[in-house]
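Here the structure comes first, spelled out in structure tokens, and everything after it is commentary.
What's counted below: heavy atoms across the whole structure, side chains too, no hydrogens, waters or symmetry copies. Since this is a predicted model, take the numbers as computed values, not measurements. One-based numbering, in listed order, for ligands and for the atoms of each.
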Amino acid sequence: MAVESVTGTTVTAAVRTASAEGDQADFGRIRNDLLGSWKDIRLAARARTLDPALHQRADLRVAEHRARVTAQLQVLLDSGAVRLPFPEQYGGSGDAGGNLVAFEELATADPSLQIKAGVQWGLFAAAILHLGTRYHHEHFLADAIELQTFGGFAMTETGHGSDVASIATTATFDPATEEFVIDTPFRAAWKDYIGNAAVDAKAAVVFAQLVTLGERQGVHAFFVPIRDAAGAFLPGVGGEDDGPKSGLNGVDNGRLHFTGVRVPRANLLNRYGEVAPDGTYSSPIASQGRRFFTMLGTLVQGRVSLAGAANTAAKIALQIAITYAEQRRQFAAANGDEEVLLDYPRHQRRLLTRLAGVYAATYTQDELLLDFHRVFTGEHDTDDSRQELENFAAAAKAEATWHALDTIQECREACGGAGFLAENRFGQLHADIDVYATFEGDNTVLLQLVGKRLLTQYGKRLKAAGPAGAARIVGGHTVGAIAASAGLTALVQRVADGGTPSGAARSLREPSVQEQLLTERVEVAVAEIAPALRPAPGVSAEQLAARFGEHQHALIEAARAEARLRQWKAFTRAVERETHAPTKALLALVRDVFALTTIERDLGWYLTRRRMSVSRAKAVTRLLDALVRRMRPHALDLVEAFGYEQGHLRAAIASGAEARRQDEARAAR
Ligand SMILES: Cc1cc2nc3c(=O)[nH]c(=O)nc-3n(C[C@H](O)[C@H](O)[C@H](O)COP(=O)(O)OP(=O)(O)OC[C@H]3O[C@@H](n4cnc5c(N)ncnc54)[C@H](O)[C@@H]3O)c2cc1C
């Protein structure tokens, strides 16, 4: 491979020291590992999504698409897969992780189907299961699971989406009748965007401020019937259709409002808060805030599954675009033939760096699913493990959904005009996945939570370390002397790199160097922000809030870096567990492409903090160019290792049609 032609020779030499590993790599092993911990369930789900009856059709109007998706839910129910996470008496096996694996694969058929299923079983039925108690399970759960009651999960209001604690719908207890009275006080408090609410839902889990004996007890969930059997709103309930959306039009999202709607006291989903017949409130969790976050935490599966589903969509897009890029030719090559698109270094940069990101997200997702499974099966369910899971899910969801959107768009452009045709799917996939960045927690807001946790953990570490230990917490240097130490860092790098570009390239392929750089990106940023946000005597709440605002962008960027560090670690663990040397070497190459892409994106940060020497910074880009070129011969094998078939891809340009056209044109010349 002519690496020399596109890179500096010194870098090339460093790259060439790695063996031609990909030639002997075992893609069967890679495929097996990518299928993850619930391989059989994943394969069964993929076999199901080959059924044309489940596939999205481009020719349907909104009402037809909705009706088709509603009917498809029955196919999923008949398969039994959707019962997996529920207790045995409801036909399940408590397989929390396996359920999400099956769910994320639905994205290949139609993301609307995935989201509609998510609304019915992952939100509506799951809220009854997790927020309710025995009474609710006995009265409502079987009908929700068996599609006898279609339901909505009515949390968001037009006025409050990200800040759910501030919703304004009220549920006021009336001791005289032992009922809750649900009310929408003003237009901004209408429930909005609620899946199933426009047409199908007969009931909803409605989130409202619980008021009893004149006191507010915070947000709680209530089981509220909303329509009669004929589909008419029940007295006091109103609403409207959200209408056509930019994507996901197979889901009927709608608005709901309530005027004096009465439900029995027992309809309060009372796992975390109870009202006695006389109106007395009690809860196992004293703090309203903690109670609310505990309730939300039980529904973390939505975030976990969106991360996986978005990554599934990115895989489909990459397999289509890379297959096409292997066949499509444009402009004369030096050898007189026309150049294959994927032989252009820029095309490799566009597609293969994103392919490396999808590999990273895949290994991360499996770790997230395992953590989720351990918490939700009770195998490892503590306060700490729940908080860590929520944090992991927030980081993974934000990173995977953004990466998927970026990847699908790049794949679309990489296929030129053909990429814009509906028959090649990119436009619809992007339109459908678009909102994954917003619902189940807006990505920016989620990363802010991750950032706040980083600050908390940093504070705890400082406190635990005491004054002497604190001096060594950040990258081996004193917290207060980061700037002073930065020049030293650059010097140390120059020494480690032997002062040469090839030395820099070699060291940048060292996992320990990558880990240090990626870790510093998080830890130094947090150490820079933390002192300004520490409460201190004489600093008012307003001043602290203003300071937080000043550092918000930097904190969210640090959280994103944390999400990528987690991905790097998951990828590195996958490399380490591979025992077949050539396969391991190829995976290490892809991991290195992921690491360098991540580091390159932040070069400005590293340089302005003097956490990287200029020579090493230059080497990052040169080495990355060289490594994607080294990845190039294996690109098709790497996407085919995802294991999808033509029935999943369903794109004309991934069917071999372009290769046939090229052959015909050549024969005619
Ligand atoms: C198709 C679809 C389906 C949905 N399904 C449901 C459902 O079934 N049930 C349900 O309850 N909800 C549902 N939602 C609602 C969804 O969860 C909310 O849209 C989401 O939580 C965001 O809230 P918002 O729209 O009010 O945006 P906002 O919270 O107003 O956010 C708008 C923008 O402001 C930014 N922002 C907000 N706060 C901050 C901050 N503190 N700092 C910096 N930036 C900030 C956000 O990043 C975002 O970019 C759905 C939404 C859609 C579009």
Side-chain angles (χ1 to χ4, degrees), residues 62 65-66 69 111-127 131 150-169 184 188-201 203-208 219 221-222 224 226 239 241-257 292 295-296 299-303 305-306 309-310 394 397-398 401-402 405 431-452 545-546 548-557 559-560:
V62 170
H65 191 185
R66 286 177 173 182
V69 170
S112 283
L113 175 59
Q114 188 226 331
I115 295 305
K116 181 90 171 176
V119 168
Q120 180 65 22
W121 291 294
L123 288 173
F124 177 60
L131 301 181
F150 274 84
F153 177 87
M155 180 183 275
T156 305
E157 298 175 355
T158 309
H160 287 100
S162 300
D163 180 11
V164 191
S166 296
I167 58 171
T169 303
T184 305
W190 283 25
K191 296 296 175 185
D192 211 339
Y193 319 106
I194 310 305
N196 273 347
V199 180
D200 285 338
V205 170
V206 175
F207 289 80
V219 176
F222 300 81
V224 183
I226 61 168
D241 199 323
D242 271 318
K245 305 185 292 289
S246 306
L248 293 182
N249 274 311
V251 186
D252 56 311
N253 294 89
R255 305 184 177 110
L256 295 171
H257 54 83
F292 179 59
M295 286 188 203
L296 289 189
L299 302 166
V300 68
Q301 64 182 17
R303 286 173 192 168
S305 60
L306 288 192
K397 185 264 187 185
T401 55
W402 270 332
L405 285 172
D432 287 335
I433 301 296
D434 191 335
V435 75
Y436 287 34
T438 296
F439 58 24
E440 292 288 347
D442 171 87
N443 282 0
T444 298
V445 176
L446 288 181
L447 285 183
Q448 181 156 292
L449 293 179
V450 174
K452 283 184 175 170
F548 185 84
E550 283 165 28
H551 294 281
Q552 188 184 30
H553 172 71
L555 184 64
I556 288 171
E557 289 299 308
R560 196 150 189 207

- Run the side-chain contact (heavy atoms from CB on, under 4.5 Å) check on Asp242 and Asp192 step by step: do they pass? CA-CA 8 Å; Asp242 271 318; Asp192 211 339; 2.8 Å; yes
Can you tell me how far the [atom1] atom of [X] sits from the [atom2] atom of [Y], to the nearest 0.5 Å?
X      : Y      : atom1 : atom2 : result
Lys116 : Leu248 : NZ    : CG    : 12.0 Å
Thr444 : Gln552 : OG1   : CD    : 8.5 Å
Ile194 : Glu157 : CD1   : CD    : 8.5 Å
Leu256 : Asn196 : CG    : CG    : 10.5 Å
Leu299 : Leu131 : CG    : CG    : 5.0 Å
Trp121 : Gln301 : CH2   : CD    : 13.0 Å

- Note on the structure: Heavy-atom nearest pair, Gly441 first then Leu446, reads O-CD1, 3.4 Å
- Query: What pair of heavy atoms forms the shortest contact from Tyr436 to Gln114, and how long is it?
  - Reply: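 Scanning both residues, the minimum pair turns out to be OH-OE1, 2.6 Å.
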Under a 4.0 angstrom heavy-atom cut-off, which atoms of ligand 1 come close to [X]?
X      : answer
Ile194 : 7 (C), 8 (O), 9 (N), 10 (C), 11 (O)
Met155 : 11 (O)
Gly161 : 21 (O), 23 (O), 24 (P), 26 (O)

- Item | side chain to side chain donor-acceptor pair (under 3.5 Å) between Thr401 and Asn443, worked out | CA-CA 8 Å; Thr401 55; Asn443 282 0; 2.8 Å; yes
Distance below 4.0 Å between [atom] and any protein heavy atom?
atom                    : value
atom 33 (C) of ligand 1 : no
atom 30 (O) of ligand 1 : no
atom 21 (O) of ligand 1 : yes

Taking both backbone and side-chain atoms of [X], is any N or O found less than 3.5 Å from an N or O belonging to ligand 1?
X      : result
Tyr193 : yes
Val435 : no
Thr156 : yes
Ser162 : yes
Asp192 : no
Phe153 : yes
Val119 : no

For [atom], find the nearest protein heavy atom and state the residue, atom name and distance (0.1 Å precision).
atom                    : value
atom 8 (O) of ligand 1  : Gly195 N, 3.1 Å
atom 2 (C) of ligand 1  : Phe439 CD2, 3.6 Å
atom 47 (O) of ligand 1 : Asp442 OD2, 2.4 Å
atom 44 (N) of ligand 1 : Thr444 CG2, 4.2 Å

- Item | Nearest option to atom 45 (C) of ligand 1, as decided by whichever heavy atom of Leu446, Val445, Thr158, Asp242 sits closest |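 Heavy atom nearest to atom 45 (C) of ligand 1 belongs to Val445.
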- Of the choices His553, Gln448, Lys245, which has the non-hydrogen atom that lies closest to atom 41 (N) of ligand 1?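 Nearest option to atom 41 (N) of ligand 1, by heavy atoms: Gln448.
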- Message: Does the structure place the NZ or CZ of Lys452 under 6.0 Å from the centre of the six-membered ring of Phe548, at an angle of no more than 45° from the ring's axis?
- Response: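 So Lys452 does make the cation-pi contact.
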- Query: Checking side chain to side chain contact (heavy atoms under 4.5 Å, CB included) against Lys191, which of Ile226, Thr158, Thr169 comes through?
  - Reply: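 Result for side chain to side chain contact (heavy atoms under 4.5 Å, CB included) with Lys191: Thr169.
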- Could you establish whether Thr438 and ligand 1 come within less than 4.0 Å of each other, counting only heavy atoms on the residue side? yes
- Message: Residue-level breakdown please: for Gln552 versus ligand 1, do any non-hydrogen atoms fall below 4.0 Å on the side chain, on the backbone, on both, or on neither?
- Response: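 Side chain only; the backbone of Gln552 stays clear of ligand 1.
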- Under a 4.0 Å heavy-atom limit, does Asn253 contact ligand 1 with its side chain, its backbone, both, or neither? side chain
- Side chains of Phe150 and Val199 in contact at under 4.5 Å (non-hydrogen atoms):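 In short, these two side chains do not touch, never coming nearer than 4.5 Å.
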